[in-house]
Amino acid sequence: APSDELDDFVVPDRPTVPDIRRAREFIQEVFMDFPFADTASRANALALFITPELRPAIVGNVPAALLDAPQAGSGKSLLAEIVAIKSTGTNAAMKPAPVRDEEEWRKTLTATIQAGQSLAVFDNVDSILGSSHLALALTAGIWTDRVLGKTALVTLPVRTVFVATGNNLVLGGDLPRRCYWIRLDAQMSEPWRNRHFQHTDLKGWIRVNRGRLLGAVLTLARAWFVAGCPPASTQVLGSFEEWCRIVGGI
């Protein structure tokens, strides 16, 4: 199903310094209402925001984004939803994380990858996130599994960007090195009460400005490629070198 028309979608062939500044400032407006715990979390949120559009250019794997907070109502699910709306024009494909059931994890991941979902969100994880199948999906370029109810195998490229949200997330197994953290902390016991927002309907604002936001993301990406892909000064995660190089560079 096609999304709505994109208004004001402009990507200069050779972005100028003012083009880059305007693109950066417009993207930053998306995050003004989120209570990031630190600058690293804000930077990682930007990385998540631009990753879906860059995924076709990334040959290797992409780590999972963890949207974490000490309290419910801090904006974790909203952050995941605005990334999905900006990238796809529709709401995020939210799903519960299978609770310590590797067979269910396998089935869920196969269905998600086979459906070609560009962004998959495991929302409100309330147990230890430690699936070996999810860890494999994050580092495997190709996913192979048996078709449900049949003996045939299906072999699929893994191009989905995975996100998990939860309160005080705890990771197990090999997942800690395959994820990057985005921590929100409103520093109040009931963060859903008495908070002032610049955008009272952020999802509606994203839908209205989707063309401008996509244009801003691709303007930043275009500027980096035109500049000759200068190396990033950010740290490199093993198994995710290409993602770090491209996203970190931009």
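Here the structure is a predicted model, which means the values were calculated and not measured. Any value given below was found using the heavy atoms of this structure, including those in side chains, with hydrogens, waters and symmetry copies removed.
Using a 4.5 Å heavy-atom threshold, the side chains of D145 and L109 count as separate. You'll find the side chain of S118 stays beyond 4.5 Å of the side chain of T160, heavy atoms only. You'll find the side chain of V158 stays beyond 4.5 Å of the side chain of N61, heavy atoms only. The shortest distance between side-chain heavy atoms of C244 and E241 does not fall below 4.5 Å. The side-chain heavy atoms of L119 and T88, taken from C-beta on, include no pair separated by under 4.5 Å. Between L237 and R177, the closest side-chain pair of non-hydrogen atoms is not below 4.5 Å. Between L66 and L129 there is a side-chain heavy-atom pair separated by less than 4.5 Å. With a 4.5 Å cut-off on side-chain heavy atoms, I182 and L79 count as touching.
Taken to the nearest 0.5 Å, the CG atom of N124 stands 9.5 Å off from the CG atom of L169. Rounding to the nearest 0.5 Å gives a distance of 11.5 Å between OG1 of T165 and CG of L78. Atoms CD1 and CG, on I250 and L46 in that order, are 9.5 Å from each other to the nearest 0.5 Å. One finds the NE2 atom of H133 at 13.0 Å from the CG atom of L138 (value rounded to the nearest 0.5 Å). I20 contributes atom CD1, which lies 12.0 Å from atom CD of E25 (distance to the nearest 0.5 angstrom).
Not one N or O on the side chain of R207 forms a donor-acceptor pair closer than 3.5 Å with the backbone of R210. At distances below 3.5 Å, at least one donor-acceptor pair connects side-chain atoms of T139 with backbone N or O atoms of A135. K76 places no side-chain N or O within donor-acceptor distance of the main-chain N or O of A69, the cut-off being under 3.5 Å. T110 places no side-chain N or O within 3.5 Å of a backbone atom of K107 that could act as its donor or acceptor partner. In this structure, the side chain of E53 does not engage the main chain of L214 through any donor-acceptor pair within 3.5 Å. No donor-acceptor pair closer than 3.5 Å links the side chain of Q198 to the backbone N or O of M32. When atom types are taken as modelled, the side chain of R14 and the backbone of V226 share no donor-acceptor pair closer than 3.5 angstrom.
The side chain to side chain contact (heavy atoms under 4.5 Å, CB included) search around T234 returns A232, not counting sequence neighbours. Scored by the side chain to side chain contact (heavy atoms under 4.5 Å, CB included) test, T144 finds I142, L153, T155 as partners (sequence neighbours excluded). L136 is linked by a side chain to side chain contact (heavy atoms under 4.5 Å, CB included) to A140, W143, counting only residues two or more places apart in sequence or in another chain. E103 pairs by the salt bridge (charged side-chain N to carboxylate O under 4.0 Å, His left out) definition with R106, not counting sequence neighbours.
In this structure, R183 is not positioned above the aromatic face of F36 in the sense of NZ or CZ being under 6.0 Å from the six-membered ring centre and within 45° of the axis.
Here the closest non-hydrogen pair linking A223 and P15 is N-CG, 3.8 Å. Shown here for G75 and L184, the closest heavy-atom pair between the two residues is C-CD1, 3.6 Å.
Ring geometry for F162 versus F122: interplanar angle under 30°, hence parallel rather than tilted (30 to 60°).
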Does V30 form a side chain to side chain contact (heavy atoms under 4.5 Å, CB included) with I82? I'd like the steps, not just the answer.
CA-CA 9 Å; V30 175; I82 66 170; 3.3 Å; yes
Apply side chain to side chain contact (heavy atoms under 4.5 Å, CB included) to the pair L202 and F34, showing each step before the final yes or no.
CA-CA 11 Å; L202 182 57; F34 289 96; 3.6 Å; yes
Worked check of side chain to side chain contact (heavy atoms under 4.5 Å, CB included) between L54 and V62
CA-CA 10 Å; L54 298 171; V62 171; over 6 Å; no
Could you check E190 against Q71 for side chain to side chain contact (heavy atoms under 4.5 Å, CB included), going step by step and ending with a plain yes or no?
CA-CA 7 Å; E190 297 180 330; Q71 298 285 345; over 6 Å; no
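K203 and N91 share no side-chain donor-acceptor pair at under 3.5 Å. Side-chain atoms of N44 and S41 form no donor-acceptor pair, as typed in the model, at a separation below 3.5 Å. Side-chain contact, K95 with Q117: a donor N or O sits under 3.5 Å from an acceptor N or O. Counted by atom type alone, R178 and S239 present zero donor-acceptor pairs between their side chains at under 3.5 Å. A donor-acceptor contact closer than 3.5 angstrom links the side chains of D68 and W181. D123 and S77 are linked by a side-chain donor-acceptor pair at a separation below 3.5 angstrom, with hydrogens and angles left out of the test.
Note on R22 versus D19: salt bridge recorded, some NZ/NE/NH1/NH2 to OD/OE distance being below 4.0 Å. A salt bridge is absent between D38 and R42: the closest approach of a Lys/Arg side-chain nitrogen to an acidic carboxylate oxygen does not fall below 4.0 angstrom.
Judged as a salt bridge (Lys or Arg N to Asp or Glu O under 4.0 Å), not a single pair has a partner in residues 230-240 (not counting sequence neighbours). Sorted by first and then second residue, the side-chain hydrogen bond (donor to acceptor under 3.5 Å, both in side chains) pairs with a member in residues 218-228 read D13-R222; sequence neighbours excluded.
Between F240 and Y180, the ring center distance fails the sub-6.0 Å criterion.
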